[in-house]
Amino acid sequence: MRKRYTLATAAVTAATAGLLAAVTAAPAQAAEYTSDLRIKGVQYDAPGRDDNRCSGGNTKNEYLTIKNYSRKTTVNLKGYVVKDATGNKYTFTANHYLEPGDFVSLRGGRGTDSDAGNVAYRQNCNFIWNNDKDTINLFKPSGARADVHAYSKSANDRDGNGYITFHG
């Protein structure tokens, strides 16, 4: 009896370890989260030469599009956090409602947020996304991850226009 129990325990332990290894080895961009809000795409490289001056620069041309993929739920972005691989982050501090199927473009630079114009500004003239590769995280107000995508210019931007689509 004892020998069978030991063998069964060893088999379960090996199977559990193999499953754990398979789960932890999965790439971050392959994960799907149960969130109505997802990252639709990113203009990670603003057209033209990078210029982060608040006046006359092109940080407004770098943007992240977040879409509400729900068919019936309106989502308030207040408290959601967008973060890159190195910890640069933006928190939606004001109410910004996305109706089902609606989207918002989170742009660099300074400007006036607008529900009607589907735009929010980071109020920061520095670029957030790297032009070669980065990871984009979207967190719910609870701190749970809503969506994540890693990209690299060489692997994901075949036409070289600086824009990558993640969810259609």
Side-chain angles (χ1 to χ4, degrees), residues 23 26-48 50-153 155-157 159 161-168:
V23 169
Q29 64 271 27
E32 286 296 328
Y33 299 92
T34 56
S35 173
D36 291 332
L37 289 184
R38 290 188 214 135
I39 301 164
K40 183 177 189 300
V42 63
Q43 179 73 49
Y44 68 91
D45 187 2
D50 285 355
D51 183 347
N52 66 351
R53 291 177 297 145
C54 285
S55 178
N58 65 341
T59 55
K60 286 183 181 182
N61 297 329
E62 179 186 85
Y63 61 91
L64 178 70
T65 304
I66 301 169
K67 184 176 177 179
N68 180 356
Y69 285 87
S70 169
R71 294 180 186 216
K72 54 188 170 186
T73 306
T74 297
V75 180
N76 185 358
L77 285 170
K78 185 174 183 176
Y80 274 81
V81 175
V82 172
K83 195 173 184 181
D84 77 348
T86 60
N88 295 308
K89 71 179 187 175
Y90 172 81
T91 302
F92 288 90
T93 57
N95 290 324
H96 194 99
Y97 296 96
L98 292 181
E99 301 290 328
D102 205 3
F103 67 91
V104 64
S105 291
L106 176 61
R107 293 186 173 273
R110 301 188 193 287
T112 303
D113 294 355
S114 169
D115 276 347
N118 295 331
V119 66
Y121 290 91
R122 291 189 302 108
Q123 305 305 333
N124 183 323
C125 297
N126 291 321
F127 293 98
I128 190 171
W129 311 117
N130 293 332
N131 289 351
D132 58 345
K133 64 181 179 177
D134 211 334
T135 300
I136 305 166
N137 293 281
L138 176 63
F139 293 99
K140 297 177 182 181
S142 67
R145 185 172 280 145
D147 200 7
V148 60
H149 291 280
Y151 69 84
S152 71
K153 182 176 187 169
N156 303 109
D157 189 9
D159 61 6
N161 68 355
Y163 186 85
I164 300 170
T165 300
F166 299 113
H167 296 281

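Source: prediction; values computed, not measured.
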Q: Quick check: do Arg71 and Pro100 have side-chain heavy atoms less than 4.5 Å from each other?
A: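 Contact flag for Arg71/Pro100 side chains = no.
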Q: If you compare all heavy atoms of Asp113 against all heavy atoms of Ala120, which two are closest, and at what distance to 0.1 Å?
A: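 Scanning both residues completely, I find the closest heavy atoms to be OD1-CA, 3.3 Å.
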Q: Under a 4.5 Å cut-off applied to non-hydrogen side-chain atoms, are Val119 and Arg107 in contact?
A: yes
Q: Donor-acceptor pair, Asn58 side chain versus Pro47 backbone, under 3.5 Å?
A: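 Side chain of Asn58 to backbone of Pro47, a donor-acceptor pair under 3.5 Å: yes, one is there.
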Q: Go through Val104 and Leu77 one step at a time and tell me if the side-chain contact (heavy atoms from CB on, under 4.5 Å) criterion holds.
A: CA-CA 10 Å; Val104 64; Leu77 285 170; 3.5 Å; yes
Q: Under the criterion side chain to side chain donor-acceptor pair (under 3.5 Å), I'd like the reasoning laid out for His96 against Asn76: C-alpha separation, chi angles, the key distance, then a yes or no.
A: CA-CA 5 Å; His96 194 99; Asn76 185 358; over 6 Å; no
Q: Please confirm whether the backbone N or O of Ser35 pairs with a side-chain atom of Tyr69, one donor and one acceptor, at under 3.5 Å?
A: no
Q: Taking all non-hydrogen atoms of both residues, which atom of Tyr121 and which atom of Gly108 are closest, and how far apart?
A: CD2-O, 3.6 Å
Q: Are the side chain of Asn137 and the backbone N or O of Arg145 linked by a donor-acceptor pair below 3.5 Å?
A: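 A pair under 3.5 Å: no.
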Q: Hey, mind stepping through Phe92 and Val82 against side-chain contact (heavy atoms from CB on, under 4.5 Å) and telling me if it holds?
A: CA-CA 8 Å; Phe92 288 90; Val82 172; 4.2 Å; yes
Q: Lys83 versus Phe139: any side-chain heavy-atom pair under 4.5 Å?
A: yes
Q: Look at the side chain of Asn68 and the backbone N and O of Thr73, then say whether any donor-acceptor pair between them is shorter than 3.5 Å.
A: yes
Q: Give the minimum heavy-atom separation between Cys125 and Asn52, together with the two atoms involved.
A: O-CB, 3.0 Å
Q: For Thr135 and Ala150, which heavy atoms make the closest approach, and how far apart are they?
A: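 Where Thr135 meets Ala150 most closely, the heavy atoms are OG1-CB, 3.7 Å.
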Q: Side chains of Val42 and Tyr163, heavy atoms from C-beta outward: is any pair under 4.5 Å?
A: no
Q: Applying side-chain contact (heavy atoms from CB on, under 4.5 Å) to Tyr80 and Leu138, what does each step give before you reach the verdict?
A: CA-CA 7 Å; Tyr80 274 81; Leu138 176 63; 4.0 Å; yes
Q: Taking the side chain as every heavy atom from C-beta outward, state whether Leu98 and Leu37 have any atom pair closer than 4.5 Å.
A: yes
Q: What's the shortest heavy-atom distance between Gly117 and Ser114, and which atoms?
A: N-OG, 2.7 Å
Q: Answer yes or no: is there a donor N or O on one side and an acceptor on the other, between the side chain of Asp84 and the main chain of Asn88, under 3.5 Å?
A: yes
Q: Could you check, using the six-membered ring where one of them is a Trp, whether Tyr44 and Tyr151 have ring centers closer than 6.0 angstrom?
A: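 Yes; Tyr151 has its ring centre under 6.0 Å from that of Tyr44.
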Q: Is the shortest side-chain heavy-atom distance between His167 and His149 below 4.5 Å?
A: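 Yes, close enough: below the 4.5 Å cut-off.
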Q: Do the side chain of Asp157 and the main chain of Gly162 share a donor and acceptor less than 3.5 angstrom apart?
A: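 Between the backbone of Gly162 and the side chain of Asp157 there is a qualifying donor-acceptor contact (under 3.5 Å).
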Q: Can you tell me how far the OG atom of Ser152 sits from the CG atom of Asp134, to the nearest 0.5 Å?
A: 11.0 Å
Q: Measure the CZ-OG1 distance between Phe166 and Thr65 for me, rounded to the nearest 0.5 Å.
A: 10.5 Å
Q: Are any of the side-chain heavy atoms of Leu106 and Arg122 separated by less than 4.5 Å?
A: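 Leu106 reaches Arg122 side chain to side chain.
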Q: Atom CG in Asn130, atom CD1 in Ile136: separation rounded to 0.5 Å?
A: 10.0 Å
Q: Measuring from atom CG of Asp51 to atom CG of Asn61, what distance do you get when rounded to the nearest 0.5 angstrom?
A: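 The CG atom of Asp51 sits 10.5 Å away from the CG atom of Asn61.
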Q: So which heavy atom on Gly101 is nearest to which on Lys67, and how close?
A: O-CE, 3.5 Å
Q: So, does Glu62 use its side chain to make a donor-acceptor pair with the main chain of Asp50 at under 3.5 Å?
A: no
Q: As an exercise, state the distance from CZ of Arg110 to OG of Ser55, rounded to the nearest 0.5 Å.
A: 11.0 Å
Q: Starting from the C-alpha separation in whole Å, work towards a yes-or-no answer on side-chain contact (heavy atoms from CB on, under 4.5 Å) for Leu64 and Ile39.
A: CA-CA 7 Å; Leu64 178 70; Ile39 301 164; 3.5 Å; yes
Q: Is there a side-chain contact between Asp147 and Lys140 in this structure, where contact means two heavy atoms from C-beta onward sitting under 4.5 Å apart?
A: no
